[in-house]
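Here is the structure we will look at, set down as structure tokens.
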Amino acid sequence: MRLLLLFFFLIFLLFFSCYMVEITNHLKGEPLRCFFGAGHDHALALTYSHAIVWPYSVSASSPSPSDTFTVSIPESCRDPKGAVPLGVLLSTATGEHPGLLVLIPSTGKIIYWETVSSAASLGLSRQKQNGIQGSTPGLLSGEYATEILNGEPSGIIATFSTGRVAHITLRDPQGKPSVLVNFLKSTAGASVGGLFGGIKNVLGGGYWRKEVTAVRAGGSHQRGQRDVIIATSSGLIEIWDTHWNHGNALKKRYDAKDDILAALPQNPKKTTNDPDLKIMDFAFPVHQPSDDPAQPSDESWRLFLVVGSPQLSENKALFVVQVHLSGSESRVVSTHPVDLHHVPAMLDDPKPRIFVPKPEGTAFILVGQSLVILSLTSVEETPTSQLLLDSNKLPLPFQDTIHLRSGKEHEILGFTSEDQSQDMPCAACVLMLRNFGVIRVTVLPRPEAEDDVDELPQVTAKHKLEQAVFFGTMAKNPLDLSSEGDLDFPASEIEQASLEICRELLHSESRFIPNTTISLEQHLRLRAKALDDLASLLLRRGNPLSRAAKWELLWAAEKIAAQRAMWNVQEAYKCKSEESFLSHVIESMSNNFKTQIDPQYGETDSVRQW
């Protein structure tokens, strides 16, 4: 199904987890990490000394105590520097409660529990509570683990600060629970002679990678096997074959940098290709293995790469490049520009993260405290689209940016993506925020009426103004809806959008304020507040309105203030059981100047309806 990203109040489903807020409030200021388990809807929060596991996608705001588990990390295994460990949730035979593996970054120690329920049970022996322990052999001085990912069924994959990647298996050859660690060692470069070549091979454990930008789990082609994909910043991509019992081996190696450079739009001011181009992250859309015997044996992989460079950073732009790897060749399938002008500048220049959940129609790109949503759906070739392409008027793919509030109190603790499935009708991106909980950003299906290329959705000034006015002032809102750059529209569009919002408020036609479920005093107060928030927002943005538009906004505010005063007088008369002069006038008014009341909808007060 082709997908459409609608604007904020349709995209966002805020899933509030009271339990997570309780955790983060209790551990306010303390280091904390969060990991999500793929396939079983559980989340993992890790502190220096404990691991907490709970189902984050339950409908209740606070999960049942029987579904929440707290596991103590053995004191002998805790990081001596006080660092928070890395962790991953694992599948189990029963499928009810996940397993847990914890990796201590600086020491390489590993603790594995087959199920979190057994690890958290007080009735079990201390040996079971302490889990099955192992260690990382040959850890270099100053080397530490930076990332961990689930590579089941072949095991767990850990990345280290030196660029080395380790394969962790959880069963010995007899199938008994055991923790074994082996670094992915390549024979390429092992034949380099001389003293320095020998030292490099000994210290590096085989192949020393320059800068590993990301490691992702690929597809599984047989029982107990899983591909592991490693990409360096220089464009080198390796495909490894890992197995829970047969070790690991390098399957393919590609250098995609030249192909990516050739596919990117050329800067007319620069005749040579950008030598500083870097792969910053990538996503691998996992497909189920095929049982079709007619399928060719030649394997292939499709990756979505985030590409950047100092030159692109100056222009506040990135590219999402889809690369197809097959045989001994790499081929660029598509390129999508990512506009970062709306993303606030960050001093530490954070590394972006990309997620492309099934059905691969949308990319979520996390840059600092901003989430960029990019449509990857290509425009169908029609006579209309061809004419627009020839005239350089073809609309750009949908893109919007959602900003989260900055500061340690709004730190992003973890993130993941959710594929579209029977249980999850729409693809989504999930974020864990300190002092708030879980936020799920959901992609909604595209309406069939908007298949025409001329009707491709675009974010307008009115969309952004409505977000800021009706949601930006909500208490404890983790979203920053008044970020600089969000209202980077021409002054005429800002003015037109402001007047439309004002007139909708004046005529009680705003879809953000209900007409029947609240009291009239509250209804008038909300309308007055919305107008006040609109005026305040425009003042902060330099008041880009004409004189006539300013007076129309002031006039609307006076009208709503007069309505509130009239209603207060009417309420005073009702308390005295007297009929006001206003009610007499409305009863005498022609039907052409008032809306008829409908008692079947609870409308009994002609003054209120008027």
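With sequence neighbours excluded, the residues satisfying ring pair (Phe, Tyr, Trp, His ring centres under 6.0 Å) with Phe470 are Phe512. Residues meeting the side chain to side chain contact (heavy atoms under 4.5 Å, CB included) test with Ile229, sequence neighbours left out: Ile237, Ile239, Phe282, Phe284, Trp301, Leu303. Checked against ring pair (Phe, Tyr, Trp, His ring centres under 6.0 Å), Tyr112 has no partners two or more places apart in sequence or in another chain. For the side chain to side chain contact (heavy atoms under 4.5 Å, CB included) test, residues two or more places apart in sequence or in another chain that qualify with Leu180 are Thr169, Ser178. Val84 pairs by the side chain to side chain contact (heavy atoms under 4.5 Å, CB included) definition with Pro31, Arg33, Leu46, not counting sequence neighbours.
Between Lys351 and Glu147 there is no salt bridge, since none of the side-chain N atoms of the basic residue sits less than 4.0 Å from a carboxylate O of the acidic one. Between Asp241 and Lys252 there is no salt bridge, since no side-chain N of the basic residue sits under 4.0 Å from a carboxylate O of the acidic one. With respect to Glu418 and Lys358, no salt bridge is recorded, no charged nitrogen being found less than 4.0 Å from a carboxylate O.
Annotation: salt bridge (Lys or Arg N to Asp or Glu O under 4.0 Å) contacts involving residues 227-237, sequence neighbours excluded, comprise Asp227-Lys251.
Between the side chain of Arg353 and the backbone N or O of Phe415, no donor-acceptor pair lies under 3.5 Å. The closest donor-acceptor contact from the side chain of Ser330 to the backbone of Ala256 lies at 3.5 Å or more, if one exists at all.
To the nearest 0.5 Å, the span separating OG1 on Thr362 from CZ on Phe398 amounts to 9.5 Å. Between atom OG1 of residue Thr146 and atom CG of residue Leu103 there is a gap of 9.5 Å, rounded to the nearest 0.5 Å. Put simply, CD on Gln369 and CD1 on Ile402 are 13.0 Å apart, with the number rounded to the nearest 0.5 Å.
Atom OH of Tyr144 sits in a sparse spot, with 12 or fewer heavy atoms from other residues, nucleotides or ligands closer than 6.0 Å.
Screening Ile230, Val215, Ile168 for a side-chain contact (heavy atoms from CB on, under 4.5 Å) with Ile157, the sole residue that qualifies is Val215.
Proximity of the aromatic rings of His97 and Phe69 is defined here by a centroid distance below 6.0 angstrom, and this criterion is met.
Across all their heavy atoms, Pro177 and Ile132 have their closest contact at CB-CD1, 3.2 Å. Heavy atoms only, all atoms of each residue included: Gly472 and Leu481 are closest at N-CD1, 3.6 Å.
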